[in-house]
Asks: 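Got a structure for you, written out below as structure tokens; questions coming shortly.
In the text below, chain A, chain B and the rest are named by the order of the sequence lines, each starting its count at 1.
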Amino acid sequence: MEAGEAKKRIEKLRAAIEYHNYLYYVLDAPEISDAEYDALMKELLALEAAYPQFVTADSPTQRVGGAPAEAFRTVAHPLPLLSLNNAYDTGELMEFDRRVKKQTLAEPLTYVGEQKIDGLTVALLYQDGVLVQGATRGDGLRGEDVTANIRTIRSIPLKLREKIPGRVLVRGEVFMTRDSFQELNRERERAGQPLFANPRNAAAGSLRQLDPGVTATRPLDAFFYDLLLWEGAASTFPATHWEAQALLKEWGLKVNPYSRLCASIEEVVEYCREWEEKRSTLPWEIDGVVVKVNSLALQERMGTTAKAPRAKIAYKFSPEEAFTRVREIQVNVGRTGVLTPLAILEPVRVGGSTVGRATLHNEDFIREKDIRVGDVVVIRKAGEIIPEVVRVVPEHRTGTEKPFIMPARCPACGAAVYREPGEAAVHCLGASCPAQQKEKIIHFASKNAMDIAGVGPAVVNLLVDKGLIKDAAGLYDLTAGDLVGLERFGAKSAENLLAAVERSKENPPERLLFALGIRHVGEEMARRLVGHFRDLDRIFTATREELVAVPEIGEAIADSIRRYMEEAQNREFLERLRRAGLKFKAEEREAVAEPLEGKTFVLTGALAAFTREEAEEALRGLGARVTSSVSKKTDYVVAGENPGSKYQKAMDLGVPVLTEDEFLRLLADLRATEREASQRRDN
DNA sequence: AGGCCTCGAGTTCA
DNA sequence: CTCGAGGCCT
């Protein structure tokens, strides 16, 4: 970029940032997301670094905080409330550790890791144990006097639990939980008031109400992190940050229960990693981890720079939202023939991983969001893993972006495509579309279907392209001679694959039924159908009425099964599977007691003694149903390690939650009673 | 017809 | 995980 141009861009960015600062800090009504704001700031920082001659004292990059609103009295903090330097990856944490170690003398070096709450910083002043002042951080030197509002927060003590002579200054973070935030927004929506963008803004807006009566109705909460000042206590002042935390807790100030004392930087890194992963399970939002040298003497010795202490650092999580550009929109064909557009993105880090693709679902989704090739878009993680395109940023349009048009022919086989009126999906009409065939084979061999290890997307592609198989039945005709010599196939891998194919013949018929991929017949319906008819041939020859008579099987499912069987190609396919020796008939079942019959279980989180599948299997063996979502009809939720949202749902609905131990005991008890019963039978 | 509840299908990255 | 849609109950 040429210098004159850079200068113009710098000025434009500054004006924009100032404007958004004002909206954010003064009016508490931001128009853009934090991520967008950060992007503006980052661009400005980069330009100023490249052109230092244009840096001015009043640039927003030189300012520590925002301007205080006029209505509150400003007060000077007894000690400056510094901000923190940031680390954006573990490498920067290691560098921090090296800097700390240079200053360490004989004392053992330990750190404290704390969640960095996304709220707003406050400083509370207690005089002889009584709360006399509460102030926002402001620019770090002077903040706003919000004492009256602070007093309304229930978790903040107006008096410390013991009388502490002299002045005590503590630093904390006021925040709102996600649940409270949503509840507040629901109320505001009902009342026709503007909504808060996120919990942070809701907390800030609530604390900065001119009328403390309003603040009192807002569900604010607070954690306290630092004892900044304790006058006249030189001899009793704690030696470490960890002890200071304990002291605050003793005094009745709420401290974050997840803080951790770490013996090394490696433990700190582990702590950061852990919370970056689990952040979404917390009731409050965190945007990073604050790392502090535990020894207060060492903190003192390391001192501060103009704006931040050298003995502390904030490890910032990668943002949950990020910007990137749509390079291309691909169209994939699934096993049901549905054409699914997929955005190929410039890789970008978001929510702890690098994202390069995101589904665009269907034509309507793209039209609604007006996503075009070349657009800059906002990406977010839906749930823990799956990235989604939130919206486009039209400001970044240059006019060269190309709108997406759903192809009129299947990109895999060239057949015409068809969209049922009223349906979102576009289907490929090609009867032997290779993309569809491949997806069907992959599904057939997948874990929950026939579980043929070694037959995944890559191998299926290879086998179909080489003309070795045309459908899943072809797998059972493969010979070692077909495979050996193929790229990435040696004698051993060929043998393994054939063994896996052979083993799959023993699968029970419900797996086979599911593997066929009949529309509306998933794992659960396959189990029910086999449970009822016991034989695939009986299912395929059943009349519509007989099918509908099965609980949970309605007309749509019955018709889908009949339609499948009317297709000559499918009937022939089934005969080939039969000849290969696959099981069409269910094993005779012994009449086992089903003590959990009629009970519905939901599993969440990871169990230590089982995989999820094994636990489900064990429950089904006892007659229980295992479903995937919690409702009023759920009898028990079994919660393992790191339970997901289902745990919360269970609590909300008052469904009993079993720990893994309780669950294991339940199984053991039931099996014991079962054994006794069968012994009595034998006698 | 509407309101559950559950299942099916598609989804990404390490 | 999140949609959308099927099935069943009121």
Side-chain angles (χ1 to χ4, degrees), chain A residues 273 276-277 280-281 318 320 322 324 330-345 347-362 364-365 368 379-390 420 422-427 435-436 439-440 442-444 446-449 456-457 510 513-529 544 547-561 600-605 612 616 625-635 642-650 653 655:
Chain A
R273 207 192 51 73
E276 178 148 23
E277 204 171 282
S280 63
T281 66
S318 67
E320 308 230 272
T324 188
Q330 262 181 22
V331 177
N332 293 332
V333 184
R335 95 178 134 91
T336 55
V338 173
L339 271 58
T340 313
L342 177 74
I344 306 299
L345 308 165
V348 62
R349 275 196 74 78
V350 50
S353 62
T354 304
V355 170
R357 42 191 29 206
T359 180
L360 299 175
H361 306 291
N362 54 53
D364 293 349
F365 180 88
E368 208 172 281
I379 302 291
R380 181 173 60 197
K381 289 282 187 74
E384 293 285 271
I385 334 179
I386 298 163
E388 62 175 4
V389 174
V390 182
E420 185 87 36
E423 271 193 10
V426 171
H427 284 86
Q436 255 178 87
E439 292 297 327
K440 275 187 182 161
I442 293 165
H443 168 74
F444 186 93
S446 68
K447 190 99 177 50
N448 292 327
E510 59 269 26
L513 180 56
F514 169 58
L516 297 178
I518 302 171
R519 186 137 113 104
H520 300 311
V521 181
E523 279 183 87
E524 183 61 23
M525 291 306 164
R527 262 196 297 273
R528 290 210 184 130
L529 285 162
R544 195 163 185 262
L547 288 168
V548 171
V550 182
E552 300 297 317
I553 305 293
E555 296 178 1
I557 299 178
D559 286 344
S560 171
I561 295 169
T600 304
F601 281 71
V602 173
L603 304 175
T604 179
R612 190 69 82 83
E616 288 177 12
R625 286 206 323 131
V626 183
T627 66
S628 55
S629 55
V630 180
S631 72
K632 281 184 296 193
K633 291 188 180 168
T634 309
D635 294 293
N642 283 329
S645 60
K646 290 175 213 165
Y647 180 81
Q648 191 54 49
K649 185 93 184 276
L653 293 173
V655 173

Asks: For dA9(B), take OP1 and OP2 only and decide whether either is under 4.0 Å from a side-chain N or O of Arg335(A).
Replies: yes
Asks: Using atom CD1 of Ile442(A) as one end and atom P of dT11(B) as the other, report the distance to the nearest whole Å.
Replies: 12 Å
Asks: Using atom NE2 of His361(A) as one end and atom P of dA5(C) as the other, report the distance to the nearest whole Å.
Replies: 14 Å
Asks: Closest approach to the side chain of Val355(A), judged atom by atom: which nucleotide of dT6(B), dG7(C), dC13(B) is it?
Replies: dC13(B)
Asks: Just jot down the salt bridge (charged side-chain N to carboxylate O under 4.0 Å, His left out) partners of Glu510(A), sequence neighbours excluded, or say none.
Replies: none
Asks: For Glu524(A), give me all partners under side chain to side chain donor-acceptor pair (under 3.5 Å), at least two apart in sequence or on another chain.
Replies: Arg527(A), Arg528(A)
Asks: Let me know the distance between CD1 of Ile561(A) and P of dG6(C), rounded to the nearest Å.
Replies: 14 Å
Asks: Could you pull out every donor-acceptor pair under 3.5 Å between side chains of residues 552-559 of chain A and any protein atom, sequence neighbours left out?
Replies:
from, atom 1, to, atom 2, distance (Å)
Asp559(A), OD1, Arg544(A), NE, 2.6
Asp559(A), OD2, Arg544(A), NH2, 3.1

Asks: Any N/O pairs under 3.5 Å between the protein and nucleotides 8-10 of chain C? List them or say none.
Replies:
from, atom 1, to, atom 2, distance (Å)
dC8(C), OP1, Glu552(A), N, 2.7

Asks: Roughly how many Å is it from CZ in Arg544(A) to P in dG6(C), rounded to a whole number?
Replies: 13 Å
Asks: Of all the choices, dG10(B), dG6(C), dT12(B), which nucleotide is nearest to the side chain of Thr340(A) once you look at every atom?
Replies: dG10(B)
Asks: Restricting to ring-ring contact (aromatic ring centres under 6.0 Å, His included), what partner residues turn up for His520(A), sequence neighbours left out?
Replies: none
Asks: Tell me: NZ of Lys632(A) to P of dC4(B), nearest whole Å?
Replies: 7 Å
Asks: Mind checking what makes side chain to side chain donor-acceptor pair (under 3.5 Å) contact with Arg335(A), not counting sequence neighbours?
Replies: none
Asks: Test of understanding: with ring-ring contact (aromatic ring centres under 6.0 Å, His included), list the residues that count as partners of Phe514(A), not counting sequence neighbours.
Replies: His443(A)
Asks: Mind checking the CD-NE2 spacing from Glu368(A) to His361(A)? Nearest 0.5 Å is all I need.
Replies: 10.5 Å
Asks: Applying a 4.0 Å non-hydrogen cut-off, can you work out what Arg625(A) is touching in the nucleic acid: base, sugar-phosphate, or nothing?
Replies: sugar-phosphate
Asks: Take atom CG of Asn362(A) and atom C1' of dG4(C), then tell me their distance rounded to the nearest Å.
Replies: 11 Å
Asks: Check every strand shown and say whether Ser629(A) touches a base, only sugar-phosphate, or nothing at a heavy-atom separation below 4.0 Å.
Replies: base
Asks: Using a cut-off of less than 4.0 Å, is there contact between a side-chain N or O of Arg528(A) and OP1 or OP2 of dC7(B)?
Replies: yes
Asks: Give the nucleotide from the list dT6(B), dC5(B), dA14(B) with an atom nearest to the side chain of Thr354(A).
Replies: dA14(B)
Asks: OG1 of Thr336(A) to NZ of Lys440(A): how many Å apart, nearest 0.5 Å?
Replies: 9.0 Å
Asks: Take the protein atom CD of Gln436(A) and the nucleotide atom C1' of dG10(B), then report the distance between them rounded to whole Å.
Replies: 15 Å
Asks: Just to verify, what does Thr634(A) make a side chain to side chain contact (heavy atoms under 4.5 Å, CB included) with, not counting sequence neighbours?
Replies: Val602(A), Val630(A), Ser631(A), Val637(A), Val655(A)
Asks: May I ask you to evaluate whether Ser628(A) reaches the phosphate of dT6(B), defined as a side-chain N or O under 4.0 Å from OP1 or OP2?
Replies: no
Asks: Residues from residues 517-526 of chain A sitting under 4.0 Å of DNA chain B, heavy atoms only?
Replies: Arg519(A), His520(A), Val521(A), Gly522(A), Glu523(A), Glu524(A), Met525(A)
Asks: What is the distance from CG of Leu342(A) to C1' of dT12(B), rounded to the nearest Å?
Replies: 10 Å
Asks: To the nearest 0.5 Å, tell me how far Glu616(A) CD sits from Thr627(A) OG1.
Replies: 9.5 Å
